[in-house]
Q: 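The following block contains the structure, expressed as structure tokens.
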Protein chains: 4
Amino acid sequence: MLNRIVLIGRLTRDPELRFTPANGVPVTQFTIAVDRPFVNQKGEREADFIRIVAWRKLAEICSANLTKGRLVAVEGRLQIRSYDGKDGQRKYVTEVVADTVQFLDKAKSGPNDDSPDNFDADFSFDPGLDDIEGDGVPF
Amino acid sequence: MLNRIVLIGRLTRDPELRFTPANGVPVTQFTIAVDRPFVNQKGEREADFIRIVAWRKLAEICSANLTKGRLVAVEGRLQIRSYDGKDGQRKYVTEVVADTVQFLDKAKSGPNDDSPDNFDADFSFDPGLDDIEGDGVPF
Amino acid sequence: MLNRIVLIGRLTRDPELRFTPANGVPVTQFTIAVDRPFVNQKGEREADFIRIVAWRKLAEICSANLTKGRLVAVEGRLQIRSYDGKDGQRKYVTEVVADTVQFLDKAKSGPNDDSPDNFDADFSFDPGLDDIEGDGVPF
Amino acid sequence: MLNRIVLIGRLTRDPELRFTPANGVPVTQFTIAVDRPFVNQKGEREADFIRIVAWRKLAEICSANLTKGRLVAVEGRLQIRSYDGKDGQRKYVTEVVADTVQFLDKAKSGPNDDSPDNFDADFSFDPGLDDIEGDGVPF
DNA sequence: TTTT
DNA sequence: TTTT
């Protein structure tokens, strides 16, 4: 019913862009390492390695811009997907379906500006209502 | 950049449906009482009264279904909106622009089913990709 | 670094209370079914079955009060835990470590009041500062 | 009942550390500019200026380390606080009470390491259970 | 100004 | 493996 997750972490490797066989829809998948908020008994900080999936335009932007080690904020929904393995066994994949991915540091060799960028899965949150919201109507 | 809020609370009164003067876009505004997670020094549980705004289809669904006292989960974005008051002073309104509103209890006099309903600001998160996601492709 | 998840769903079965062998710390584990925000191509609403873990006092409260079918809101952190299976293979479990569990409907046979209850993993968010926050100091 | 907000934005000025008159408890307050996820009709990206409050140890860490322009992720709870103004009018302040503040960029003149740091309002989420969680018990 |  |  409600399913919302927000993560900040670093890519463990470069994302790869794929296309679904049936419809040619762009998908990308990558994993981010998210540090735990405490240290273990050996005093080490561990991380959770969380799988992210992005679709369509967001997939293209992510695969074009992200590389191993980049810091990102991801907003999305937790999903458990199942598929049948080659061994005939039912397998389960837990992943975060991203709605938004924000780039929090800058590419090493990029045009050296300093502001993070924000990319949405779609433009749905654009209210197209700024004329309304901005015209002083206190509704 | 990232701005995400999730609330559960009860409507302090019935919502009212309005339409923006310029474009006739449906808007509704209501306030929910969200209990604080602790009691004050008098042992009382206080609440925060948080203003919610919903637009378009979501506005219509909310105003048609919600009434004072109903329990809802709201997902959205925190916004500070300014407008010029009648007294010539700049005023600020803090409110949550809802993306999703979920009805967590049932209307008192409704057809007595028991499952909460979920309504989105738009259908944008519908991937329209179930054919893909469901066909066993482990991508 | 940042890892925050909020879920609303229904228990798939009664939780069971256990105690860690080493220290006797209470743990409970249960799964909630979280409806997806869209229907699949057959027009069916699917759900994600998400594993929740609660520790200590929260574990006790959950196991004492929750039963199959109950509606809850869970706040926590997504964790991927590994352990070595009996077959010598490394296994991975993805689960949400709950900080807060809120009961959103009432037990069927309970003392028939209507307000949801809220339980925290700990009292850490209690600022113990109400004397301060409430005394009109605008800081 | 449930009240959770996650924000990423930049400080609009240096935070200032204060102490409550009654108990000498450290408090800091600052504002972050959070870019909206869309542009207005003039093609400009606007921001919401959101007030943050941190208490005690977190207040000290924030005021000691943060300066105008720094990028932070804030997790907390939305609160509407009231106090009586000098003009005898009841005033309302909307602010986010921070549980966690994460520093997402590095201080300009700092020891040039590259990893963001994470600070909690308290250590309550530290399960102190790593011995348990890590010992291979599949509970 | 407020809900249960 | 699953809830309403």
Side-chain angles (χ1 to χ4, degrees), chain A residues 1-3 79-82 84 89-92 94, chain B residues 7-16 29-36 39 44-52 62 66-74 93 95 101-108 110-118, chain C residues 7-16 29-37 39 44-52 62 66-74 93 95 101-108 110-118, chain D residues 1-3 80-82 84 89-92 94:
Chain A
M1 324 220 187
L2 189 153
N3 182 336
Q79 172 177 265
I80 287 115
R81 194 163 49 85
S82 62
D84 294 312
Q89 294 246 272
R90 193 135 206 86
K91 311 278 188 187
Y92 294 89
T94 301
Chain B
L7 300 167
I8 294 181
R10 289 187 185 278
L11 292 248
T12 62
R13 59 182 61 186
D14 294 358
E16 203 180 332
Q29 185 277 331
F30 53 90
T31 294
I32 59 173
V34 180
D35 286 342
R36 294 194 175 164
V39 293
E44 304 155 343
R45 184 164 298 271
E46 293 179 75
D48 289 292
F49 294 90
I50 299 176
R51 219 181 138 97
I52 312 294
C62 287
L66 292 177
T67 50
K68 178 178 174 177
R70 292 290 305 274
L71 184 68
V72 291
V74 174
V93 180
E95 59 203 358
V101 175
Q102 187 178 155
F103 306 164
L104 293 175
D105 54 9
K106 276 293 147 186
K108 299 277 166 169
N112 208 17
D113 83 304
D114 191 40
S115 52
D117 290 314
N118 196 33
Chain C
L7 301 167
I8 295 180
R10 288 186 186 280
L11 291 248
T12 62
R13 62 182 59 188
D14 294 358
E16 202 180 333
Q29 185 277 330
F30 53 90
T31 295
I32 60 173
V34 180
D35 286 341
R36 294 193 175 166
V39 293
E44 304 155 343
R45 184 165 297 271
E46 293 179 76
D48 290 294
F49 294 91
I50 300 177
R51 219 181 138 96
I52 312 294
C62 287
L66 292 176
T67 49
K68 178 177 174 177
R70 292 291 305 274
L71 184 68
V72 291
V74 175
V93 179
E95 58 202 359
V101 175
Q102 187 178 154
F103 306 164
L104 293 174
D105 55 7
K106 276 292 146 188
K108 298 278 167 169
N112 207 17
D113 82 305
D114 190 41
S115 51
D117 291 313
N118 196 33
Chain D
M1 322 218 187
L2 190 151
N3 181 337
I80 287 115
R81 193 163 50 86
S82 62
D84 295 311
Q89 295 248 270
R90 192 135 207 85
K91 311 278 187 188
Y92 295 88
T94 303

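Residue numbers start from 1 in every chain, and the chains themselves are labelled A, B, ... in the order their sequence lines are given, proteins ahead of strands. Being a predicted model, the structure only gives us computed values, none of them experimental.
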Q: For D:Asn3, which residues count as a side-chain hydrogen bond (donor to acceptor under 3.5 Å, both in side chains) partner, sequence neighbours excluded?
A: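 side-chain hydrogen bond (donor to acceptor under 3.5 Å, both in side chains) check on D:Asn3 returns nothing, list empty.
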Q: For C:Arg45 and F:dT2, what is the distance between atoms CZ and C1' respectively, to the nearest whole Å?
A: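 So the CZ-C1' distance, C:Arg45 to F:dT2, works out to 18 Å.
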Q: How long is the line joining CG of C:Leu104 and C1' of F:dT3, in whole Å?
A: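 Whole-Å distance recorded here is 14 Å.
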Q: Measure from CG on C:Leu71 to C1' on F:dT2 and round the result to the nearest Å.
A: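 Taking atom C1' of F:dT2 as the reference, CG of C:Leu71 is at 16 Å.
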Q: Hey, is the side chain of B:Arg13 pairing donor to acceptor with the base of E:dT1 inside 3.5 Å?
A: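 Side chain to base: pair present.
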Q: Measure from the side-chain heavy atoms of B:Lys68 and tell me the nearest of F:dT4, E:dT2, E:dT3.
A: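 In terms of side-chain proximity for B:Lys68, the closest of F:dT4, E:dT2, E:dT3 is E:dT3.
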Q: Just the rounded figure in Å: distance from P of E:dT2 to CD1 of B:Ile32.
A: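 Value for this atom pair: 17 Å.
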Q: Using centres under 5.5 Å plus planes under 30 degrees as the test, is C:Phe49 stacked with F:dT2?
A: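 Here C:Phe49 meets both the 5.5 Å and the 30° conditions.
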Q: Just how far, in rounded Å, is P of F:dT1 from CD1 of C:Ile50?
A: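 Rounding to the nearest Å, CD1 of C:Ile50 and P of F:dT1 are 16 Å apart.
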Q: NA contact type, C:Phe30, heavy-atom cut-off 4.0 Å: base, sugar-phosphate, or nothing?
A: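 If one applies the 4.0 Å heavy-atom cut-off, C:Phe30 turns out to touch nothing in the nucleic acid.
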Q: E:dT1, E:dT3, F:dT3: which one has an atom nearest the side-chain heavy atoms of B:Thr12?
A: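 The closest nucleotide is E:dT3.
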Q: Counting side-chain heavy atoms from CB outward, which of E:dT3, F:dT1, E:dT1 is closest to B:Ala47?
A: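 The closest nucleotide is E:dT3.
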Q: Does B:Arg70 offer a backbone N or O that forms a donor-acceptor pair with the side chain of B:Asp105 under 3.5 Å?
A: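 Flag not set: sc B:Asp105 to bb B:Arg70 has no pair under 3.5 Å.
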Q: Measure the distance from CG on B:Asp105 to P on E:dT4 and round it to the nearest whole Å.
A: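 It is 10 Å, rounded to the nearest whole Å.
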Q: How would you list, by chain and number, every residue that makes a side-chain contact (heavy atoms from CB on, under 4.5 Å) with C:Thr31, sequence neighbours excluded?
A: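 side-chain contact (heavy atoms from CB on, under 4.5 Å) list for C:Thr31, sorted by chain: C:Thr12, C:Gln29, C:Phe49, C:Arg51.
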Q: I need the CZ-C1' distance between C:Phe103 and F:dT3, as an integer number of Å.
A: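 C:Phe103 atom CZ is separated from F:dT3 atom C1' by 16 Å.
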Q: In whole Å, I'd like the distance from the CG atom of C:Leu11 to the P atom of F:dT2.
A: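 Spelled out: CG on C:Leu11 to P on F:dT2 is 16 Å.
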Q: Treating B:Arg45 as the side-chain partner and B:Arg36 as the backbone partner, does any N or O pair qualify as donor plus acceptor under 3.5 Å?
A: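 A pair under 3.5 Å: yes.
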Q: Is there a side-chain contact between B:Leu11 and B:Thr67, using heavy atoms and a 4.5 Å cut-off?
A: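 No - every pair of side-chain heavy atoms lies 4.5 Å or more apart.
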Q: Name the closest nucleotide to the C:Asp35 side chain, picking from E:dT3, F:dT1, F:dT3.
A: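 Among the listed nucleotides, the one closest to the side chain of C:Asp35 is F:dT3.
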